[in-house]
Amino acid sequence: MNIHEYQAKELLAKFGVPVPAGYAAMSVEEAVEAAKRLPGPLYVVKAQIHAGGRGKGKFKELGPDAKGGVRLAKTLDEVRAHAAEMLGNTLVTVQTGEAGKQVQRLYITDGVDIAKEFYLAVLVDRGTGRIAMVASTEGGMDIETVAHDTPEKIHTLDIDPATGFMPHHGRAVAAALGLTGDLAKQAANVASKLYDAFLGTDASQIEINPLAVTEDGKLMVLDAKVGFDSNAMFRHKDLAELRDLTEEDAMEVEASKYDLAYIKLDGNIGCMVNGAGLAMATMDIIKLNGAFPANFLDVGGGASKEKVTAAFKIILSDPAVKGILVNIFGGIMRCDIIADGIIAAAKEVSLSVPLVVRLEGTNVEEGKRILADSGLAIVPANDLGDAARKIVAEVNKAA
Ligand code: ADP
Ligand code: MG
């Protein structure tokens, strides 16, 4: 689960991380009011979307010469003008994809005189199975490019969970950033506070880019991207409330209500499978047959009829879907329940695309009989390969 920059900064501030003052705004008036509460003389108006690259982004509705999603303002009138241009318009950045994201919230924050920009992140290193800190002097710009072109400029240090964050970790971060004296102390302090925040919130990533050195010698977090482990959100009710559903794919949100693991993809064959491994294999075999899956969907081991119906409806609500492949191995889940769910959903949503069903496992004969007697145009398949070939052929026939 991801949150907005302004929410991330409010959270980090509670852990003692230095951030400039700022306020969120949902309207032009709120933006001006927010600026009035800041000391000035420089303000920054920042689009709040769950994507980076906002500074270099472009608004779809404005011309190519218009400014991006992070703008400096020297007066309240400039704040007003920027807010009016940004709110409601669509910001396209390297991370949003071509469709871009509509800006519905702004963050009005203190303008800082920047002397230098660094990069500092806390994440889970899957290689070592530990929390790691990533530091680089090359902040502000695209860190992926730095990692690719000059990997020696990226420093990673693991933190042993048995000791937690130690003073030597702080010194190592400061050294990686080439800092000495008071700035080195500040860097060690920021790193230690970020580690506390990471552990304390069950974060999956905290990325600070840039971590700025100001002209008057202070370290400041100017941008923060924070994501949490969704599986830990049950013990952070306050953080769960920060979720902004408008930033997420509508179908993925709907699926999460039913505890379905659904990920929207670019192809045209909808998949309903139980078990993540079988779902991956199903997508692979669809590709092997020259077509592309429209989604990943794992209905889980013990899905109810309601869950299957919801899953089916979600797949069908995607206009890109030109055919559906149901691939269920009934181990914990019984095939007759799946069959009932498919029929209930198909009747409710008047099925207009070909449907291939491969059932195997517990009560499979009963399940197949229910489908055959349903009167629906369901194409039965014997195994995974057969199912993939059949759905691809059906979709090509219809095209
Ligand atoms: P993004 O990474 O989405 O482009 P950032 O918040 O990193 O957005 O802003 C882009 C750039 O704008 C930063 O690298 C920094 O140079 C500048 N910037 C951001 N916030 C401030 C601020 N409060 N004061 C001065 N400059 C800022
Ligand atoms: Mg940034």
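Just so it is clear, the structure is predicted and the values come from calculations on it, not from any experiment. First listed ligand is number 1; within each ligand, the first listed atom is number 1. Basis for what follows: all heavy atoms, side chains included, without hydrogens, waters or symmetry-related copies. Sequence positions, counted from 1, serve as the residue numbers for this chain.
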query = Is the backbone N or O of Glu215 less than 3.5 Å from a side-chain atom of Lys218, with the two atoms forming a donor-acceptor pair by type?
reply = no
message = With nothing but distance in play, are any N or O atoms of Gly111 less than 3.5 Å from an N or O of ligand 1?
response = no
key: Donor-acceptor contact present, side-chain Thr362 to main-chain Gly330, <3.5 Å   = yes
key: Within-cutoff protein neighbour (heavy atom, under 4.0 Å) for atom 11 (C) of ligand 1   = no
query = How far is atom 13 (C) of ligand 1 from its nearest protein heavy atom, and which residue and atom is that?
reply = Glu117 OE2, 3.6 Å
key: Element-labelled atoms of ligand 1 that are located less than 4.0 Å from some non-hydrogen atom of Asn209   = 7 (O)
ask   = Tell me: protein heavy atom nearest atom 21 (C) of ligand 1, and distance?
value = Leu222 CD1, 3.8 Å
note = closest protein heavy atom to atom 2 (O) of ligand 1 is Asp223 OD2, 3.1 Å
key: Crowding at NZ, Lys58 (>12 non-hydrogen neighbours, <6.0 Å)   = yes
message = Under a 3.5 Å distance rule, please check whether Asp110 uses its side chain to pair with a backbone N or O of Leu38 as donor and acceptor.
response = no
Donor-acceptor contact present, side-chain Lys390 to main-chain Ala381, <3.5 Å = no
task = Determine the minimum heavy-atom distance between Leu179 and Ala184, stating which atoms define it.
result = O-CB, 3.6 Å
query = Evaluating non-hydrogen atoms only, which member of Val112, Asp110, Leu72, Leu91 is closest to atom 23 (N) of ligand 1?
reply = Asp110
key: Heavy-atom nearest neighbour in the protein, as seen from atom 19 (C) of ligand 1, with distance rounded to 0.1 Å   = Lys46 NZ, 3.6 Å
key: Hphob cluster co-occupancy, Tyr43 + Leu87, side-chain heavy atoms under 4.5 angstrom   = yes
key: Identity of the N, O or S atom of Asp223 lying closest to the Mg ion (ligand 2)   = OD2
For Gly52, atoms of ligand 1 separated by under 4.0 Å from a heavy atom = 3 (O)
key: Nearest neighbour in protein (non-hydrogen) for atom 26 (N) of ligand 1   = Ile114 CD1, 3.5 Å
key: Donor-acceptor pair, side chain of Glu247 and main chain of His50, under 3.5 angstrom   = yes
task = Give the residue, atom name and distance (to 0.1 Å) of the protein heavy atom nearest atom 4 (O) of ligand 1.
result = Gly55 N, 2.8 Å
key: Quiz item: cation-pi between Arg105 and Tyr6, 6.0 Å / 45°   = no
remark   = Looking only at protein heavy atoms, what sits closest to atom 8 (O) of ligand 1 is Arg54 NH2, 3.1 Å
key: Atoms of ligand 1, numbered as shown, that sit under 4.0 Å from any heavy atom of Pro210   = 7 (O), 13 (C), 14 (O)
request  = Walk me through it: do Arg358 and Asn327 pass the test side chain to side chain donor-acceptor pair (under 3.5 Å)?
outcome  = CA-CA 5 Å; Arg358 182 252 178 162; Asn327 184 22; 3.0 Å; yes
task = Go through ligand 1 atom by atom and flag the ones less than 4.0 Å from a non-hydrogen atom of Gly53.
result = 1 (P), 2 (O), 3 (O), 4 (O)
message = Give me the nearest non-hydrogen protein atom to atom 22 (C) of ligand 1 as residue plus atom name, then the distance to 0.1 Å.
response = Val44 CG2, 3.5 Å
